[in-house]
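These figures come from a predicted structure and were not determined experimentally. Side-chain atoms are counted along with the backbone in the values below, which use heavy atoms only and exclude waters and symmetry mates.
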4 protein chains.
Amino acid sequence: MDQIKTFQMEGMIAATFTPMTPDGEVDYDKYDKYCQHLADNGIHQIYVNGTTGEGFSLTLEEREKVVEKWIEVGKKTGRITKMVVQVGALNMHDTIALVDHALSVGADAIATVPPLFFKPKTLDYLVKYCKEVANAAPNIPFYFYHLPSVVGVELNNEDFLKAASKEIPSLVGIKFSSKDLVDLIGCVHVNAPNRDSKRYNMLFGCDEMVMSGMVMGAQGGVGSTYNFLPKVIQRIMDKTKKGETADALADQYLVQKACRVMYKYGDLLGNNVSSLKAIMPLIGMDLGPARSPLRPPTAEELESYKKELLEAGMDKW
Amino acid sequence: MDQIKTFQMEGMIAATFTPMTPDGEVDYDKYDKYCQHLADNGIHQIYVNGTTGEGFSLTLEEREKVVEKWIEVGKKTGRITKMVVQVGALNMHDTIALVDHALSVGADAIATVPPLFFKPKTLDYLVKYCKEVANAAPNIPFYFYHLPSVVGVELNNEDFLKAASKEIPSLVGIKFSSKDLVDLIGCVHVNAPNRDSKRYNMLFGCDEMVMSGMVMGAQGGVGSTYNFLPKVIQRIMDKTKKGETADALADQYLVQKACRVMYKYGDLLGNNVSSLKAIMPLIGMDLGPARSPLRPPTAEELESYKKELLEAGMDKW
Amino acid sequence: MDQIKTFQMEGMIAATFTPMTPDGEVDYDKYDKYCQHLADNGIHQIYVNGTTGEGFSLTLEEREKVVEKWIEVGKKTGRITKMVVQVGALNMHDTIALVDHALSVGADAIATVPPLFFKPKTLDYLVKYCKEVANAAPNIPFYFYHLPSVVGVELNNEDFLKAASKEIPSLVGIKFSSKDLVDLIGCVHVNAPNRDSKRYNMLFGCDEMVMSGMVMGAQGGVGSTYNFLPKVIQRIMDKTKKGETADALADQYLVQKACRVMYKYGDLLGNNVSSLKAIMPLIGMDLGPARSPLRPPTAEELESYKKELLEAGMDKW
Amino acid sequence: MDQIKTFQMEGMIAATFTPMTPDGEVDYDKYDKYCQHLADNGIHQIYVNGTTGEGFSLTLEEREKVVEKWIEVGKKTGRITKMVVQVGALNMHDTIALVDHALSVGADAIATVPPLFFKPKTLDYLVKYCKEVANAAPNIPFYFYHLPSVVGVELNNEDFLKAASKEIPSLVGIKFSSKDLVDLIGCVHVNAPNRDSKRYNMLFGCDEMVMSGMVMGAQGGVGSTYNFLPKVIQRIMDKTKKGETADALADQYLVQKACRVMYKYGDLLGNNVSSLKAIMPLIGMDLGPARSPLRPPTAEELESYKKELLEAGMDKW
């Protein structure tokens, strides 16, 4: 259980894309170059098979192969220090299979969204669910993945941590993808009896306001924009830590402006993942399109998208 | 395409449970008796692997086996006239596999929820998604499964039908599980160019107000309470058709009262499916508990549940 | 208290507009002709100073004068049999003043929305509020005005009636402006200890689905479209009562189509009241524009609006 | 127009309570002492007749008298440097009357909520409304009061500022009472053509996360807790400005803990204003209860409330 006592992620964690061929099959040949791209930009911690990774659009087999591929390139290059695998699926059998697999291949930690279909209306149910997932591999650090805007579960996370702290010995923290910093500050201060620090590890998921998440106590950030504007994020984090928040704000606004453009196109294409992925070729790291049900931008859409990204300051990334 | 021109469901369609052993494995031995129970109560049309059937809690293999089992008992007994298979899954690969399977085993129709994770914010995206699913088997009638309270997609269905009528030649109707009768009446009147009746087949999914769905133009009802109070539903439908709505209302109120109790316990147990399933042994047709992440009621909860059901008029079912 | 024991409204109740001059002042000269218009169309029951009446856009003095005017024309013509005055305001002092005034001038009943700013999150608070309003004139029948889409209070009305039945002796019913017929059927069956019928008087407020409200137990309908398509509403009500719901449905669809157009323009103008009011000149009963903050349609908007209304079947009203 | 070019509020702005007698009448005798209490705690800027001031529970006359009273004690003591009057009411006539009054008595600025009943669904309508209010006194600085959790208007404020900048010459900023810091950072950077700084003045309204609002660019905070824990707020603001955010966080958590208790009791009493007001006697500055429809805590509730406040660190205020 030493793992759980001390496991901690800080700074930048990339929510990784899943590289695809033009026709939407996983493109395993891209991983080496992608890993190098991240490492070259100072990113050594990754969050795999979450929203950005289209984890919920992959089959069980693909999800496992993606994890194996990351493990492989991580070992080969020695440039991935920590890797969290998102194991949430539609049914418990698949989720447990993914936990078993993550454990067997040596992932550093796991995370799960709440039940996606039979959605919790009570904390009891949510804790019970997370407990069942976590207990399938009690020695691997477990994160709860809070994603209310997509999943629709809006239960208070401070209360969740208090309840879960008694039930889930492997709980180490939350990937917190919500704008509700009032809830975040509560989470930051909950007692973690199973941890040396007595604190849970809070990873903030809203790139457009990551600096405010950090001042409110998050130790790290998990984001998709880290894939293409890592230097901006790094500057925000560095300056925020030093207390130079006025300077950080200018960079933060750069991210916010970019995101407004990305989300506008994302709504058209089905989800932001598609518009975000469309940026990667623009920075020389083509990872292909998003898989159906999402669609890539048309040539015309891409043209206006690029124009708006430039207006939003893309040249300053 | 004759199938699509004329396929129509009317009256009672049971949203079937998936029988389970006490430890939550699918109990294939129960299907014969369950089928007979439905038929004895006048139910010959079924909706398989939807919400009530815990379709989203089953693995791909289980979902296929469940469909096969229904086909098998249907053939054996000749008592199932129409069977719709819900094929919506978390990823498109699985959904297409389920479509292919439904087609290969001879299901009468398919239905799907919207994308469960990358949720549509535009009609275009929703139509594109349904088209991709429907086109995987263009000769089998296709229903859209509208379930906003769970899925969180609230797009207008009248507009969906208008747009989809140009894109999906196999579209035959909607399983409409929403209280919004203003939208329903619109759907009822949309022109269906691919149908002899020129109308889409609207199946209403709110048992507690099924009579109002019928007067607003739904031709049939798909419900879970049909499993244990079919006589009440039959009376409601018969009287409503004859215009004896005041009489039907008394029976409708019986359903509404029962549902309020069931939903109260359902919230505790994770979802109504669990509290609904717990009623089946009480009418002599034990189908086991709901699978995790749902939990069955404790002995104590069951006692108070039964008491409240009786107070709500269970003896009049 | 005999009033309260037997007070009942049934059939058509018009939510009256407040006539305005072109510059948005109340036009008291229009009331005679307006009253005659309603009576000529079979409408003798009115609901004054609600949403349609722009009650919340009028000053206290104007609201009182509007009530007095209706009383005056009602007495003169003998054509108004029942008049409910909506007394809800932003502060309790004004609301009580309106109750006192309604009582003093001889209104038949009062109604109120929930607190508009400090919105109830508990039934206790909502009941306490209504009790305070009702008790200001305990001998005048009191209706609760349920309007969740505007006010944002979504508490269950069946539960409200059960709790309020013990606290508010003058409670006679609810103006129920919600699509939730599951809640309506519950309300219809709550025991009213203070009433000869032992039932509360449920008045349904969604014109586009009024027939379904009636089959689910509402005794009357309160609507704004009654001002300009009363014959359609009358046919719907008559046929629905006779059990000829298929025939009623055709007329109901006519209302639904009209409302879709009206709401589309209403969103542009600030609220439906403005687009609804713009219809009155088209039927020869000009009541002027809606007051600011709403705006009337521009000449161009009016042109396309009329066109769309015609396409939606305006000639069949 | 010099006023508008340079008007700016920074640091602590108290959302003032309205003192009441035990039976809920405005207690004008308390203002002197209350003003001194604020000034003694370093607060010289006030926001009057907003949510905390129960502005929406007061009559028009009371609202005006409250403003006059503040002007009077401000003049007498010289301790109020800036005073914003919230003029939003249910109808435009009253709102304009309040604007005229604020101007005539010499208030420094005005603010308004969006239309409370006919709620905007478009930016055009919201801008038109604010323009009409602001134009009633074009030389007094105008703030928009963004309060989505209560009012239900969720339009984007960055877009509002961009549109309003062309229409409302007296617009100086927003009282921003939302947790959405992504919107805030956008507002902070909108060009204000009518201002010397070319920036709008953003006042953040969520006390429990005020430090994150400040790092994201708000220049001041408007809050109700400033009435009873001003030293904590002052420490948060001072440390945050100096970049000592880790230290500020401890104080921020103190506010968050207090608010969780206050909101819990607020829900019981009708609104937080009632539970917040109940704290004032505990710090020696009794301002009476909140007016109906709110209710004060019972003796028993007060006892447990105090206990929970202590557990939440009240002794450290």
Taking the basic N atoms (NZ, or NE/NH1/NH2) and the acidic carboxylate oxygens, is any pair closer than 4.0 Å for B:D183 and C:K179? no

More than 12 foreign heavy atoms under 6.0 Å from NZ of C:K162: is that the case here? yes

Could you tell me whether the side chain of C:Q256 reaches within less than 4.5 Å of the side chain of B:H189, counting heavy atoms only? no

Check against side chain to side chain contact (heavy atoms under 4.5 Å, CB included), B:T245 and C:M211: CA-CA 11 Å; B:T245 54; C:M211 65 180 283; over 6 Å; no

Rounded to the nearest 0.5 Å, what separation is found between the CD atom of C:E208 and the CG atom of B:D180? 9.0 Å

What part of C:N156 gets closer than 4.5 Å to chain B, counting heavy atoms only: side chain, backbone, both or neither? side chain

Segment of C:Q252 engaging chain B (4.5 angstrom heavy-atom cut-off): both

Check each of B:V182, B:I185, B:L181 against C:S212 using the side chain to side chain contact (heavy atoms under 4.5 Å, CB included) test, and report the only one that passes. B:L181

